[in-house]
S.K.: 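Handing you this structure, nothing more for now.
Naming: A, B, ... by sequence-line order, numbering from 1 per chain. Please read all numbers here as calculations on a predicted model, not as lab measurements.
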Amino acid sequence: MEESKKKKTKEIKTLEELDRIAKMLGRKDLELMEKREELEEKIKEMDEAKKKETVLRIREQAKTEDVERKAKELEETRVALMNILEDVEEARRKAEEERDKTQAIIANLVDGLLVFDEENKISLINPQTEVFFNVKAKDVVGRQILELSTFPTIEPLVKMVGPEIKGVFRKEIKIKENLVLEVSTVPMMREEEKLGTLVILHDVTREKMVERMKTEFVSVAAHQLRTPLSAIKWTLRMLLDGDLGKITEEQKEFIEKTYRSNERMINLINSLLDVTRIEEGRYLYKPILTDIESVVQFVLNSHEEEIKRKKLKLEFKKPKKKLPRVKLDVEKMRLAIDNLVANAIKYTQPGGQVTVSLKNVKKEIEFSVKDSGVGIPKDQQARIFTKFFRGANVIKMETEGTGLGLFITKNIIEAHGGKIWFYSKEGVGTTFYFTLPIKVEFEEFLKRF
Amino acid sequence: MFKKILIIEDEEIIVDLLQRKLTNEGYEISVARNGEEGLKMMREVKPDLILLDIIMPKMGGLEVMEEMQKDKKLAKIPVIVISNSGQPVEIDKAQKLGAKDWLIKTEFDPQEVIKKIKKQIG
(Lines give C-alpha, C1' and ligand atoms only; values in the text may rest on other atoms or scores of the structure.)
Protein backbone atom coordinates (compact mmCIF):
# COMPACT_ATOMS: atom_id res chain seq x y z
CA MET A 1 0.00 0.00 0.00
CA GLU A 2 2.44 2.36 0.95
CA GLU A 3 4.12 1.49 -2.09
CA SER A 4 1.08 2.06 -4.13
CA LYS A 5 0.41 5.22 -2.37
CA LYS A 6 3.82 6.17 -2.88
CA LYS A 7 3.43 5.17 -6.42
CA LYS A 8 0.26 7.09 -6.71
CA THR A 9 1.68 10.05 -5.14
CA LYS A 10 4.53 9.62 -7.45
CA GLU A 11 2.12 9.39 -10.34
CA ILE A 12 0.26 12.42 -9.23
CA LYS A 13 3.43 14.22 -8.79
CA THR A 14 4.52 13.28 -12.30
CA LEU A 15 1.27 14.52 -13.78
CA GLU A 16 1.58 17.73 -12.02
CA GLU A 17 5.09 17.85 -13.15
CA LEU A 18 4.06 17.08 -16.67
CA ASP A 19 1.46 19.71 -16.61
CA ARG A 20 3.93 22.14 -15.24
CA ILE A 21 6.39 21.07 -17.81
CA ALA A 22 3.75 21.32 -20.52
CA LYS A 23 2.88 24.72 -19.37
CA MET A 24 6.46 25.66 -19.18
CA LEU A 25 7.01 24.21 -22.58
CA GLY A 26 4.05 26.10 -23.86
CA ARG A 27 5.54 29.27 -22.44
CA LYS A 28 8.95 28.41 -23.79
CA ASP A 29 7.41 27.82 -27.16
CA LEU A 30 5.88 31.21 -27.04
CA GLU A 31 9.06 32.63 -25.91
CA LEU A 32 10.85 30.89 -28.73
CA MET A 33 8.27 32.04 -31.16
CA GLU A 34 8.86 35.51 -30.01
CA LYS A 35 12.55 34.98 -30.12
CA ARG A 36 12.26 33.61 -33.57
CA GLU A 37 10.21 36.44 -34.67
CA GLU A 38 12.71 38.71 -33.12
CA LEU A 39 15.52 36.90 -34.82
CA GLU A 40 13.73 36.84 -38.08
CA GLU A 41 13.21 40.50 -37.68
CA LYS A 42 16.84 40.81 -36.95
CA ILE A 43 17.78 38.71 -39.89
CA LYS A 44 15.55 40.77 -42.00
CA GLU A 45 17.14 43.85 -40.66
CA MET A 46 20.53 42.38 -41.17
CA ASP A 47 19.62 41.37 -44.66
CA GLU A 48 18.39 44.81 -45.27
CA ALA A 49 21.60 46.19 -43.90
CA LYS A 50 23.61 43.77 -45.90
CA LYS A 51 21.76 44.75 -49.00
CA LYS A 52 22.38 48.37 -48.30
CA GLU A 53 25.95 47.67 -47.66
CA THR A 54 26.29 45.88 -50.93
CA VAL A 55 24.71 48.73 -52.79
CA LEU A 56 26.98 51.04 -50.99
CA ARG A 57 29.90 48.83 -51.75
CA ILE A 58 28.93 48.72 -55.38
CA ARG A 59 28.54 52.40 -55.38
CA GLU A 60 31.81 52.79 -53.61
CA GLN A 61 33.44 50.62 -56.14
CA ALA A 62 31.97 52.60 -58.94
CA LYS A 63 33.12 55.75 -57.26
CA THR A 64 36.63 54.44 -56.88
CA GLU A 65 36.69 53.47 -60.48
CA ASP A 66 35.46 56.90 -61.43
CA VAL A 67 38.02 58.57 -59.26
CA GLU A 68 40.72 56.40 -60.69
CA ARG A 69 39.61 57.25 -64.19
CA LYS A 70 39.43 60.90 -63.33
CA ALA A 71 42.82 60.70 -61.68
CA LYS A 72 44.14 59.19 -64.84
CA GLU A 73 42.54 61.86 -66.88
CA LEU A 74 43.91 64.43 -64.52
CA GLU A 75 47.33 62.96 -64.87
CA GLU A 76 46.97 63.12 -68.60
CA THR A 77 45.80 66.71 -68.38
CA ARG A 78 48.64 67.45 -66.06
CA VAL A 79 51.14 66.04 -68.51
CA ALA A 80 49.53 67.95 -71.30
CA LEU A 81 49.57 71.08 -69.20
CA MET A 82 53.18 70.50 -68.31
CA ASN A 83 53.94 70.21 -71.96
CA ILE A 84 52.09 73.40 -72.69
CA LEU A 85 53.81 75.01 -69.76
CA GLU A 86 57.14 73.88 -71.09
CA ASP A 87 56.28 75.34 -74.47
CA VAL A 88 55.20 78.57 -72.84
CA GLU A 89 58.37 78.59 -70.79
CA GLU A 90 60.37 78.07 -73.96
CA ALA A 91 58.50 80.83 -75.70
CA ARG A 92 58.96 83.09 -72.70
CA ARG A 93 62.65 82.33 -72.61
CA LYS A 94 62.90 83.06 -76.28
CA ALA A 95 60.95 86.27 -75.89
CA GLU A 96 63.17 87.27 -73.00
CA GLU A 97 66.22 86.47 -75.02
CA GLU A 98 64.85 88.57 -77.87
CA ARG A 99 64.04 91.38 -75.44
CA ASP A 100 67.51 91.19 -73.91
CA LYS A 101 69.02 91.23 -77.35
CA THR A 102 66.95 94.24 -78.39
CA GLN A 103 67.78 95.97 -75.13
CA ALA A 104 71.45 95.22 -75.56
CA ILE A 105 71.29 96.65 -79.07
CA ILE A 106 69.51 99.78 -77.85
CA ALA A 107 71.87 100.11 -74.90
CA ASN A 108 75.03 99.64 -76.91
CA LEU A 109 73.97 101.64 -79.94
CA VAL A 110 76.42 104.42 -80.71
CA ASP A 111 73.46 106.50 -81.83
CA GLY A 112 71.14 108.07 -79.29
CA LEU A 113 67.55 106.81 -79.23
CA LEU A 114 64.51 108.45 -77.70
CA VAL A 115 61.12 106.83 -77.85
CA PHE A 116 58.05 108.99 -77.37
CA ASP A 117 54.63 107.41 -76.84
CA GLU A 118 51.43 108.50 -78.58
CA GLU A 119 51.01 111.32 -76.07
CA ASN A 120 54.50 112.58 -76.82
CA LYS A 121 55.80 111.47 -73.46
CA ILE A 122 59.24 109.91 -73.26
CA SER A 123 58.96 106.17 -72.78
CA LEU A 124 62.57 105.19 -73.33
CA ILE A 125 65.99 106.73 -73.73
CA ASN A 126 69.15 104.74 -74.27
CA PRO A 127 72.48 105.28 -72.46
CA GLN A 128 74.00 107.12 -75.41
CA THR A 129 71.21 109.68 -75.20
CA GLU A 130 71.95 110.06 -71.49
CA VAL A 131 75.55 110.83 -72.42
CA PHE A 132 74.60 113.24 -75.22
CA PHE A 133 72.22 115.24 -73.04
CA ASN A 134 73.96 114.62 -69.71
CA VAL A 135 70.71 113.47 -68.10
CA LYS A 136 69.55 110.31 -66.32
CA ALA A 137 66.79 108.21 -67.87
CA LYS A 138 64.80 108.20 -64.62
CA ASP A 139 64.68 112.01 -64.64
CA VAL A 140 63.12 112.26 -68.07
CA VAL A 141 61.12 109.10 -68.71
CA GLY A 142 57.40 109.77 -68.49
CA ARG A 143 57.76 113.47 -69.17
CA GLN A 144 56.09 115.46 -71.90
CA ILE A 145 58.35 116.72 -74.67
CA LEU A 146 57.70 120.35 -73.74
CA GLU A 147 58.72 119.74 -70.13
CA LEU A 148 62.15 118.75 -71.40
CA SER A 149 63.01 122.35 -72.31
CA THR A 150 64.04 122.76 -68.70
CA PHE A 151 67.12 120.68 -69.47
CA PRO A 152 69.41 123.12 -71.28
CA THR A 153 71.02 120.31 -73.25
CA ILE A 154 67.70 119.01 -74.59
CA GLU A 155 66.21 122.42 -75.29
CA PRO A 156 67.67 122.73 -78.81
CA LEU A 157 66.07 119.41 -79.74
CA VAL A 158 62.69 120.45 -78.35
CA LYS A 159 62.93 123.69 -80.32
CA MET A 160 63.72 121.78 -83.48
CA VAL A 161 61.00 119.14 -83.34
CA GLY A 162 58.29 121.15 -81.54
CA PRO A 163 55.48 119.85 -79.30
CA GLU A 164 54.13 117.49 -81.97
CA ILE A 165 57.54 115.99 -82.78
CA LYS A 166 57.39 116.82 -86.45
CA GLY A 167 59.17 114.84 -89.12
CA VAL A 168 62.85 115.69 -89.34
CA PHE A 169 65.45 114.07 -91.54
CA ARG A 170 69.15 114.46 -90.81
CA LYS A 171 68.97 117.94 -89.42
CA GLU A 172 71.94 119.18 -87.49
CA ILE A 173 71.81 120.76 -84.06
CA LYS A 174 74.56 121.99 -81.85
CA ILE A 175 74.01 120.70 -78.32
CA LYS A 176 77.08 122.25 -76.79
CA GLU A 177 80.68 123.03 -77.65
CA ASN A 178 82.13 119.95 -79.37
CA LEU A 179 78.83 118.19 -79.83
CA VAL A 180 76.85 118.41 -83.03
CA LEU A 181 74.04 115.91 -83.54
CA GLU A 182 72.18 114.94 -86.66
CA VAL A 183 68.53 114.38 -85.77
CA SER A 184 65.99 112.20 -87.56
CA THR A 185 62.47 111.43 -86.33
CA VAL A 186 60.54 108.35 -87.40
CA PRO A 187 56.85 107.80 -86.60
CA MET A 188 56.21 104.29 -85.25
CA MET A 189 53.05 102.93 -86.88
CA ARG A 190 51.05 99.76 -86.41
CA GLU A 191 48.89 99.72 -89.47
CA GLU A 192 47.00 103.01 -89.28
CA GLU A 193 47.55 103.60 -85.60
CA LYS A 194 50.41 105.77 -84.40
CA LEU A 195 52.24 104.22 -81.48
CA GLY A 196 54.68 107.02 -80.95
CA THR A 197 57.79 108.56 -82.38
CA LEU A 198 61.35 107.38 -82.52
CA VAL A 199 64.03 110.07 -82.39
CA ILE A 200 67.49 109.11 -83.59
CA LEU A 201 70.52 111.16 -82.68
CA HIS A 202 73.70 110.67 -84.66
CA ASP A 203 76.95 112.27 -83.54
CA VAL A 204 78.48 114.23 -86.42
CA THR A 205 80.87 116.32 -84.35
CA ARG A 206 83.92 114.85 -85.97
CA GLU A 207 82.59 115.21 -89.50
CA LYS A 208 81.67 118.81 -88.75
CA MET A 209 85.13 119.45 -87.34
CA VAL A 210 86.87 117.96 -90.37
CA GLU A 211 84.59 119.96 -92.64
CA ARG A 212 85.35 123.13 -90.72
CA MET A 213 89.06 122.45 -90.73
CA LYS A 214 88.99 121.92 -94.46
CA THR A 215 87.04 125.11 -94.98
CA GLU A 216 89.34 127.01 -92.66
CA PHE A 217 92.36 125.64 -94.41
CA VAL A 218 91.12 126.73 -97.81
CA SER A 219 90.11 130.07 -96.35
CA VAL A 220 93.48 130.73 -94.74
CA ALA A 221 95.38 129.47 -97.76
CA ALA A 222 93.33 131.65 -100.05
CA HIS A 223 93.79 134.72 -97.87
CA GLN A 224 97.50 134.13 -97.63
CA LEU A 225 97.69 133.77 -101.38
CA ARG A 226 95.84 137.00 -102.03
CA THR A 227 98.50 139.26 -100.57
CA PRO A 228 101.42 138.09 -102.71
CA LEU A 229 99.12 137.94 -105.73
CA SER A 230 98.13 141.55 -105.17
CA ALA A 231 101.78 142.52 -104.92
CA ILE A 232 102.45 140.78 -108.23
CA LYS A 233 99.42 142.43 -109.80
CA TRP A 234 100.49 145.89 -108.64
CA THR A 235 104.07 145.45 -109.74
CA LEU A 236 103.06 144.23 -113.18
CA ARG A 237 100.58 147.05 -113.54
CA MET A 238 103.19 149.65 -112.68
CA LEU A 239 105.64 148.06 -115.09
CA LEU A 240 102.99 148.18 -117.80
CA ASP A 241 102.09 151.76 -116.98
CA GLY A 242 105.73 152.72 -117.30
CA ASP A 243 105.91 153.84 -113.70
CA LEU A 244 109.09 151.87 -113.19
CA GLY A 245 110.79 153.03 -116.36
CA LYS A 246 110.38 152.46 -120.06
CA ILE A 247 109.92 148.90 -121.33
CA THR A 248 110.21 147.43 -124.82
CA GLU A 249 107.25 146.17 -126.84
CA GLU A 250 108.41 142.58 -126.33
CA GLN A 251 108.71 143.05 -122.58
CA LYS A 252 105.30 144.61 -122.52
CA GLU A 253 103.77 141.63 -124.32
CA PHE A 254 105.23 139.18 -121.83
CA ILE A 255 104.21 141.25 -118.87
CA GLU A 256 100.69 141.55 -120.21
CA LYS A 257 100.42 137.79 -120.49
CA THR A 258 101.79 137.38 -116.98
CA TYR A 259 99.31 139.96 -115.77
CA ARG A 260 96.43 137.98 -117.29
CA SER A 261 97.67 134.73 -115.76
CA ASN A 262 97.87 136.45 -112.43
CA GLU A 263 94.32 137.73 -112.83
CA ARG A 264 93.16 134.17 -113.44
CA MET A 265 94.89 133.04 -110.29
CA ILE A 266 93.22 135.86 -108.34
CA ASN A 267 89.85 134.84 -109.76
CA LEU A 268 90.42 131.26 -108.75
CA ILE A 269 91.40 132.27 -105.22
CA ASN A 270 88.35 134.54 -104.98
CA SER A 271 86.10 131.72 -106.15
CA LEU A 272 87.64 129.37 -103.60
CA LEU A 273 87.00 131.93 -100.90
CA ASP A 274 83.40 132.23 -102.06
CA VAL A 275 83.04 128.47 -101.84
CA THR A 276 84.45 128.36 -98.32
CA ARG A 277 82.12 131.13 -97.26
CA ILE A 278 79.18 129.24 -98.73
CA GLU A 279 80.25 126.16 -96.81
CA GLU A 280 80.67 128.13 -93.61
CA GLY A 281 77.14 129.36 -94.10
CA ARG A 282 78.06 133.04 -93.85
CA TYR A 283 77.67 133.99 -97.42
CA LEU A 284 74.74 136.26 -97.98
CA TYR A 285 75.19 139.78 -96.85
CA LYS A 286 72.47 142.34 -96.16
CA PRO A 287 69.99 142.00 -99.01
CA ILE A 288 68.50 145.34 -100.03
CA LEU A 289 65.57 146.16 -102.31
CA THR A 290 67.08 146.47 -105.75
CA ASP A 291 66.05 146.90 -109.34
CA ILE A 292 67.36 143.69 -110.88
CA GLU A 293 67.34 145.16 -114.38
CA SER A 294 70.20 147.46 -113.44
CA VAL A 295 72.18 144.53 -112.06
CA VAL A 296 71.77 142.60 -115.32
CA GLN A 297 72.64 145.67 -117.36
CA PHE A 298 75.78 146.20 -115.29
CA VAL A 299 76.91 142.65 -115.99
CA LEU A 300 76.16 142.92 -119.72
CA ASN A 301 78.12 146.16 -119.96
CA SER A 302 81.15 144.53 -118.42
CA HIS A 303 81.15 141.95 -121.22
CA GLU A 304 80.70 144.45 -124.04
CA GLU A 305 84.25 144.12 -125.33
CA GLU A 306 84.23 140.34 -125.43
CA ILE A 307 80.86 140.31 -127.22
CA LYS A 308 82.20 142.66 -129.85
CA ARG A 309 85.40 140.68 -130.26
CA LYS A 310 83.49 137.45 -130.83
CA LYS A 311 80.91 139.21 -133.03
CA LEU A 312 78.07 137.75 -130.94
CA LYS A 313 74.51 138.97 -131.32
CA LEU A 314 73.33 139.99 -127.87
CA GLU A 315 69.71 140.65 -127.09
CA PHE A 316 68.32 141.83 -123.76
CA LYS A 317 64.56 141.25 -123.53
CA LYS A 318 62.80 142.99 -120.70
CA PRO A 319 59.16 143.78 -120.03
CA LYS A 320 57.79 147.24 -120.88
CA LYS A 321 56.35 147.59 -117.42
CA LYS A 322 58.98 148.09 -114.80
CA LEU A 323 59.68 144.99 -112.76
CA PRO A 324 59.05 145.07 -109.02
CA ARG A 325 62.17 145.44 -106.96
CA VAL A 326 63.58 142.41 -105.21
CA LYS A 327 65.70 142.03 -102.12
CA LEU A 328 69.23 141.29 -103.26
CA ASP A 329 72.75 141.13 -102.05
CA VAL A 330 73.84 143.15 -105.06
CA GLU A 331 77.47 142.00 -105.10
CA LYS A 332 76.50 138.35 -104.95
CA MET A 333 73.69 138.65 -107.48
CA ARG A 334 76.09 140.39 -109.86
CA LEU A 335 78.47 137.47 -109.46
CA ALA A 336 75.69 134.91 -110.04
CA ILE A 337 74.45 136.62 -113.21
CA ASP A 338 78.00 137.25 -114.36
CA ASN A 339 78.84 133.55 -114.09
CA LEU A 340 75.85 132.63 -116.27
CA VAL A 341 76.43 135.36 -118.85
CA ALA A 342 80.18 134.74 -118.98
CA ASN A 343 79.57 131.03 -119.61
CA ALA A 344 77.11 131.81 -122.42
CA ILE A 345 79.64 134.11 -124.07
CA LYS A 346 82.62 131.85 -123.50
CA TYR A 347 81.02 128.70 -124.86
CA THR A 348 79.31 130.20 -127.91
CA GLN A 349 81.20 130.21 -131.19
CA PRO A 350 81.94 133.59 -132.82
CA GLY A 351 78.91 134.98 -134.63
CA GLY A 352 76.49 133.14 -132.32
CA GLN A 353 73.48 134.44 -130.46
CA VAL A 354 73.08 135.21 -126.75
CA THR A 355 69.65 136.22 -125.46
CA VAL A 356 69.15 137.51 -121.94
CA SER A 357 65.64 138.05 -120.67
CA LEU A 358 63.80 139.17 -117.57
CA LYS A 359 60.14 138.37 -116.92
CA ASN A 360 57.62 138.77 -114.17
CA VAL A 361 56.10 135.32 -113.68
CA LYS A 362 53.42 135.16 -110.98
CA LYS A 363 55.09 136.22 -107.75
CA GLU A 364 58.56 135.70 -109.07
CA ILE A 365 61.05 137.30 -111.35
CA GLU A 366 62.47 134.97 -113.94
CA PHE A 367 65.86 135.52 -115.49
CA SER A 368 67.15 133.53 -118.41
CA VAL A 369 70.19 133.49 -120.63
CA LYS A 370 70.02 131.51 -123.84
CA ASP A 371 73.00 130.77 -126.03
CA SER A 372 73.64 129.01 -129.31
CA GLY A 373 76.76 127.44 -127.87
CA VAL A 374 78.28 124.00 -127.52
CA GLY A 375 75.73 122.75 -124.98
CA ILE A 376 76.16 120.38 -122.07
CA PRO A 377 76.55 116.64 -122.84
CA LYS A 378 73.42 114.84 -121.69
CA ASP A 379 75.24 112.33 -119.48
CA GLN A 380 76.91 115.15 -117.59
CA GLN A 381 73.93 117.38 -117.02
CA ALA A 382 73.23 115.97 -113.56
CA ARG A 383 76.64 117.06 -112.30
CA ILE A 384 76.64 120.56 -113.71
CA PHE A 385 76.16 122.34 -110.35
CA THR A 386 78.79 120.25 -108.56
CA LYS A 387 81.85 122.13 -107.48
CA PHE A 388 84.97 121.75 -109.63
CA PHE A 389 82.94 119.99 -112.34
CA ARG A 390 83.49 121.01 -115.95
CA GLY A 391 81.88 119.51 -119.02
CA ALA A 392 84.14 117.24 -121.07
CA ASN A 393 83.48 119.24 -124.25
CA VAL A 394 84.35 122.61 -122.71
CA ILE A 395 87.55 121.37 -121.08
CA LYS A 396 88.78 120.53 -124.57
CA MET A 397 87.90 123.91 -126.03
CA GLU A 398 88.88 126.17 -123.16
CA THR A 399 91.35 125.12 -120.49
CA GLU A 400 90.62 128.15 -118.39
CA GLY A 401 87.84 127.73 -115.87
CA THR A 402 87.61 126.65 -112.27
CA GLY A 403 84.41 124.61 -112.29
CA LEU A 404 83.21 126.69 -109.38
CA GLY A 405 81.04 129.26 -111.15
CA LEU A 406 77.77 127.33 -111.35
CA PHE A 407 78.19 125.91 -107.86
CA ILE A 408 78.55 129.45 -106.51
CA THR A 409 75.70 130.73 -108.66
CA LYS A 410 73.33 128.02 -107.50
CA ASN A 411 74.16 128.79 -103.88
CA ILE A 412 73.63 132.51 -104.39
CA ILE A 413 70.24 131.97 -106.06
CA GLU A 414 69.10 129.52 -103.42
CA ALA A 415 70.28 131.78 -100.61
CA HIS A 416 67.90 134.38 -102.09
CA GLY A 417 65.06 131.88 -101.93
CA GLY A 418 65.16 131.26 -105.68
CA LYS A 419 65.46 128.27 -107.99
CA ILE A 420 67.87 127.58 -110.84
CA TRP A 421 67.62 125.13 -113.74
CA PHE A 422 68.57 124.73 -117.38
CA TYR A 423 67.81 123.11 -120.72
CA SER A 424 70.65 122.10 -122.93
CA LYS A 425 71.35 120.17 -126.08
CA GLU A 426 74.85 119.45 -127.16
CA GLY A 427 75.71 121.34 -130.32
CA VAL A 428 72.51 123.41 -130.19
CA GLY A 429 72.78 125.54 -127.11
CA THR A 430 71.93 126.02 -123.49
CA THR A 431 69.41 128.11 -121.58
CA PHE A 432 69.88 128.79 -117.91
CA TYR A 433 66.95 130.03 -115.86
CA PHE A 434 66.57 131.28 -112.37
CA THR A 435 63.70 132.76 -110.41
CA LEU A 436 63.73 135.10 -107.45
CA PRO A 437 60.76 135.57 -105.17
CA ILE A 438 59.36 139.09 -105.05
CA LYS A 439 59.86 140.83 -101.72
CA VAL A 440 56.97 139.50 -99.63
CA GLU A 441 57.71 135.85 -100.31
CA PHE A 442 61.37 136.35 -99.71
CA GLU A 443 60.79 137.92 -96.34
CA GLU A 444 58.71 134.94 -95.36
CA PHE A 445 61.49 132.72 -96.59
CA LEU A 446 63.99 134.60 -94.44
CA LYS A 447 61.75 134.31 -91.39
CA ARG A 448 62.16 130.57 -91.51
CA PHE A 449 65.82 130.95 -90.48
CA MET B 1 102.78 172.67 -101.48
CA PHE B 2 102.68 168.93 -101.89
CA LYS B 3 99.77 167.09 -100.31
CA LYS B 4 100.95 164.72 -97.60
CA ILE B 5 99.90 161.07 -97.51
CA LEU B 6 100.66 158.66 -94.69
CA ILE B 7 100.79 154.99 -95.66
CA ILE B 8 100.24 152.63 -92.73
CA GLU B 9 100.92 149.14 -94.07
CA ASP B 10 103.15 146.26 -93.05
CA GLU B 11 103.53 144.53 -96.42
CA GLU B 12 106.82 145.81 -97.76
CA ILE B 13 106.16 145.37 -101.44
CA ILE B 14 102.81 147.12 -101.23
CA VAL B 15 104.45 150.02 -99.44
CA ASP B 16 107.20 150.20 -102.06
CA LEU B 17 104.74 150.16 -104.92
CA LEU B 18 102.40 152.72 -103.38
CA GLN B 19 105.26 154.98 -102.42
CA ARG B 20 106.68 154.86 -105.93
CA LYS B 21 103.34 155.46 -107.61
CA LEU B 22 102.24 158.26 -105.31
CA THR B 23 105.59 160.02 -105.36
CA ASN B 24 105.42 159.95 -109.16
CA GLU B 25 102.01 161.56 -108.88
CA GLY B 26 103.52 164.34 -106.80
CA TYR B 27 102.49 163.48 -103.25
CA GLU B 28 104.70 163.65 -100.23
CA ILE B 29 104.77 160.21 -98.65
CA SER B 30 105.53 159.00 -95.17
CA VAL B 31 105.32 155.38 -94.11
CA ALA B 32 104.47 153.56 -90.88
CA ARG B 33 104.79 149.78 -90.57
CA ASN B 34 102.15 149.16 -87.94
CA GLY B 35 99.23 150.83 -86.22
CA GLU B 36 101.13 152.12 -83.22
CA GLU B 37 103.79 153.73 -85.33
CA GLY B 38 101.06 155.07 -87.57
CA LEU B 39 99.26 156.88 -84.75
CA LYS B 40 102.51 158.42 -83.55
CA MET B 41 103.40 159.51 -87.04
CA MET B 42 100.07 161.08 -87.93
CA ARG B 43 100.44 163.38 -84.95
CA GLU B 44 103.89 164.48 -86.16
CA VAL B 45 103.34 164.62 -89.92
CA LYS B 46 99.70 165.85 -89.91
CA PRO B 47 98.92 164.16 -93.26
CA ASP B 48 96.13 165.25 -95.62
CA LEU B 49 95.13 161.63 -96.12
CA ILE B 50 95.87 158.21 -94.67
CA LEU B 51 96.03 154.89 -96.49
CA LEU B 52 95.40 152.33 -93.81
CA ASP B 53 95.84 148.56 -93.87
CA ILE B 54 93.48 146.54 -91.66
CA ILE B 55 95.54 143.53 -90.63
CA MET B 56 98.86 144.61 -89.13
CA PRO B 57 101.06 143.59 -86.23
CA LYS B 58 100.81 145.41 -82.88
CA MET B 59 97.76 147.49 -83.74
CA GLY B 60 95.35 146.80 -86.59
CA GLY B 61 93.69 149.36 -88.82
CA LEU B 62 90.30 149.24 -87.11
CA GLU B 63 91.89 149.97 -83.73
CA VAL B 64 93.85 152.84 -85.27
CA MET B 65 90.57 154.36 -86.45
CA GLU B 66 89.03 153.91 -83.01
CA GLU B 67 91.94 155.85 -81.53
CA MET B 68 91.62 158.55 -84.21
CA GLN B 69 87.95 159.03 -83.32
CA LYS B 70 88.97 160.00 -79.79
CA ASP B 71 91.14 162.87 -81.05
CA LYS B 72 89.26 165.72 -82.74
CA LYS B 73 92.16 166.71 -84.98
CA LEU B 74 92.91 163.15 -86.08
CA ALA B 75 89.25 162.37 -86.63
CA LYS B 76 89.15 164.95 -89.44
CA ILE B 77 91.84 163.28 -91.55
CA PRO B 78 90.24 161.27 -94.39
CA VAL B 79 91.11 157.57 -94.30
CA ILE B 80 91.10 155.12 -97.20
CA VAL B 81 91.16 151.57 -95.93
CA ILE B 82 93.16 148.87 -97.67
CA SER B 83 91.31 145.63 -97.11
CA ASN B 84 92.89 142.30 -97.70
CA SER B 85 89.82 140.12 -97.52
CA GLY B 86 87.33 142.55 -98.98
CA GLN B 87 84.69 141.01 -96.77
CA PRO B 88 81.63 143.20 -96.41
CA VAL B 89 81.70 142.80 -92.64
CA GLU B 90 85.17 144.28 -92.50
CA ILE B 91 84.35 147.15 -94.84
CA ASP B 92 81.19 147.87 -92.95
CA LYS B 93 83.09 148.17 -89.69
CA ALA B 94 85.66 150.46 -91.29
CA GLN B 95 82.94 152.72 -92.67
CA LYS B 96 81.29 152.97 -89.27
CA LEU B 97 84.62 154.08 -87.86
CA GLY B 98 84.77 156.90 -90.39
CA ALA B 99 86.62 155.46 -93.37
CA LYS B 100 85.91 157.55 -96.48
CA ASP B 101 86.62 154.83 -99.01
CA TRP B 102 88.23 151.43 -99.34
CA LEU B 103 90.42 149.43 -101.64
CA ILE B 104 90.47 145.67 -101.86
CA LYS B 105 94.03 144.52 -102.44
CA THR B 106 93.43 141.97 -105.16
CA GLU B 107 90.74 143.90 -106.92
CA PHE B 108 92.32 147.23 -107.80
CA ASP B 109 95.41 148.49 -109.50
CA PRO B 110 97.58 151.47 -108.64
CA GLN B 111 95.70 153.68 -111.09
CA GLU B 112 92.58 153.24 -108.97
CA VAL B 113 94.43 154.30 -105.85
CA ILE B 114 95.22 157.59 -107.51
CA LYS B 115 91.59 158.01 -108.55
CA LYS B 116 90.32 157.43 -105.02
CA ILE B 117 92.93 159.71 -103.48
CA LYS B 118 92.16 162.50 -105.94
CA LYS B 119 88.49 162.16 -105.13
CA GLN B 120 89.28 162.84 -101.49
CA ILE B 121 91.98 165.49 -101.60
CA GLY B 122 92.49 166.44 -105.23
S.K.: Distance check, rounded to the nearest 0.5 Å: A:Trp234 atom CH2 versus B:Ile13 atom CD1?
M.R.: 10.5 Å
S.K.: Quick check on A:Gln297: does its CD atom have over 12 non-hydrogen neighbours (other residues, nucleotides or ligands) under 6.0 Å away?
M.R.: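 Count over threshold, so yes.
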S.K.: Take a 6.0 Å sphere around CD of A:Glu331 and say whether it holds more than 12 heavy atoms from other residues, nucleotides or ligands.
M.R.: no
S.K.: Using non-hydrogen atoms only, which part of A:Asn270 is less than 4.5 Å away from chain B: side chain, backbone, both, or neither?
M.R.: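 For A:Asn270, side-chain heavy atoms alone lie under 4.5 Å from chain B.
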S.K.: Return the option, out of A:Thr235, A:Asn262, A:Leu236, A:Ile269, with the maximum number of heavy-atom pairs under 4.5 Å with chain B.
M.R.: A:Thr235
S.K.: Which answer fits A:Leu244, side chain, backbone, both or neither, if we ask what part of it has an atom under 4.5 Å from a heavy atom of chain B?
M.R.: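 Both backbone and side chain.
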S.K.: Using the side chain to side chain contact (heavy atoms under 4.5 Å, CB included) criterion, which residues pair with B:Lys40? Sequence neighbours excluded.
M.R.: B:Glu44
S.K.: With a 4.5 Å limit on heavy-atom distance, are the side chains of A:Lys233 and B:Leu17 in contact?
M.R.: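 A:Lys233 does not reach B:Leu17 side chain to side chain.
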S.K.: Who passes side chain to side chain contact (heavy atoms under 4.5 Å, CB included) against B:Lys21, sequence neighbours left out?
M.R.: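 Residues passing side chain to side chain contact (heavy atoms under 4.5 Å, CB included) with B:Lys21: A:Met238, A:Asp241, A:Asp243, B:Pro110, B:Gln111, B:Ile114.
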S.K.: Taking all non-hydrogen atoms of both residues into account, name the closest pair between B:Ile14 and A:Ser230 and its distance.
M.R.: CD1-CB, 4.5 Å
S.K.: Can you confirm whether more than 12 heavy atoms, excluding those of B:Lys116, are under 6.0 Å from its NZ atom?
M.R.: yes
